Amino acid sequence: MDFNLAGKKGLVIGIANEHSIAHGCAKAMRALGAELAVTFLNERAEAFVRPLAEQLGSPLILPCDVEKPGELEAVFDAVRATWGHLDFALHAVASAPKDDLHGRVIDCSAAGFARAMDVSCHSFIRMAKLSEPLMRQGGTLLTISYYGGQKVVEHYNLMGPVKAALEAVVRSLATELGPQGIRVHALSPGPILTRAASGIEHFDDLLAQTARTSPMQRTVTIDEVGAIAAGLVSDWATGMTGNVVFVDGGCHVLG
Ligand code: NAD
């Protein structure tokens, strides 16, 4: 079996700019021959995302705010009209209202909790539901989690419970979709400086601490995360589903 993604069609949601983890994934998937549909959040984001999507040779470059009714569905309508099927989809989407994210979990508002869960977790369920009929020959669904969903990480606050829920969703979807040959994983990268990450207080300290204490004594790159994402959607990974795959230089083994 050759290790490539030639002929595979994938959807990538979550590129904000060149530093995005989703961009690292898209570059690796494209380098292995996949054709990619790419989305941008809104008009402001389009200015950053469109040139990257064009470099990736994307035939579909579409708006997608998962909070706007109908936008995610419209993306899948376009995918169906263009390709008729989908081999993989990457969900690299997270957001939480700033006040709730920066406070203690005990203080977070019901509305902030619900919004963070909807954008960062339930949207993955919606994406899976829309992918299911397009993955008749099987496929792979990927999302991006973080270690803060398993253990308390200082300043990760509200996103800890949200990522815990996301990882539980991965296990449920893997079980529900496994019989159809649809595999589901979360990647769990170590800290990387991105736009979303800069919303977490004291993120620089987390980066510095990781570089100092992780088994590999450095942080990881979006290209390293991308290489694993590309491997997981390839036919070399057909024996795996339901994993949380750490790409964190070994941080998760530390107590
Ligand atoms: P990023 O800012 O580059 O990407 C976050 C993406 O989420 C953006 O493209 C943004 O447009 C999108 N998004 C936010 N709200 C949305 C909405 N309503 N609809 C559609 N898209 C929306 O940052 P990133 O670090 O690449 O984040 C990608 C994923 O990786 C997130 O799930 C994040 O929690 C996760 N993650 C990041 C790190 C890190 O250290 N950077 C570590 C582990 C996990």
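Quick caveat, the model's predicted, so the values are computed rather than measured. For ligands, and for the atoms within them, numbers begin at 1 and follow the listed sequence.
Taking the six-membered ring for Trp and the full ring otherwise, the centers of His252 and Tyr147 sit at least 6.0 Å from each other.
Side chain to side chain, Ser123 and His91 meet the donor-acceptor criterion of an N or O pair below 3.5 Å.
With a 4.5 Å cut-off on side-chain heavy atoms, Glu18 and Leu52 count as touching.
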With the criterion set at N/O pairs under 3.5 Å, what does the list of contacts between the protein and ligand 1 look like, atom names and distances included?
from: ligand 1; atom 1: 2 (O); to: Ala196; atom 2: N; distance (Å): 2.9
from: ligand 1; atom 1: 3 (O); to: Ser20; atom 2: OG; distance (Å): 2.6
from: ligand 1; atom 1: 9 (O); to: Gly14; atom 2: O; distance (Å): 2.8
from: ligand 1; atom 1: 9 (O); to: Ala16; atom 2: N; distance (Å): 3.3
from: ligand 1; atom 1: 18 (N); to: Asp65; atom 2: OD1; distance (Å): 2.8
from: ligand 1; atom 1: 19 (N); to: Val66; atom 2: N; distance (Å): 2.8
from: ligand 1; atom 1: 23 (O); to: Thr194; atom 2: OG1; distance (Å): 3.1
from: ligand 1; atom 1: 25 (O); to: Thr194; atom 2: OG1; distance (Å): 2.6
from: ligand 1; atom 1: 26 (O); to: Ile21; atom 2: N; distance (Å): 2.8
from: ligand 1; atom 1: 32 (O); to: Lys163; atom 2: NZ; distance (Å): 2.9
from: ligand 1; atom 1: 34 (O); to: Lys163; atom 2: NZ; distance (Å): 2.9
from: ligand 1; atom 1: 40 (O); to: Ile192; atom 2: N; distance (Å): 2.7
from: ligand 1; atom 1: 40 (O); to: Ile192; atom 2: O; distance (Å): 3.2
from: ligand 1; atom 1: 41 (N); to: Ile192; atom 2: O; distance (Å): 2.9
from: ligand 1; atom 1: 41 (N); to: Thr194; atom 2: OG1; distance (Å): 3.2

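Ion pairing between a basic and an acidic side chain is recognised when a charged N comes within 4.0 Å of a carboxylate O; Glu201 and Lys98 show no such pairing. The pair Asp118-Arg115 fails the salt-bridge criterion, with no side-chain N (NZ, NE, NH1 or NH2) lying under 4.0 Å from an Asp/Glu carboxylate O.
Within a 6.0 Å radius of CD in Glu67, more than 12 heavy atoms belonging to other residues, nucleotides or ligands are found.
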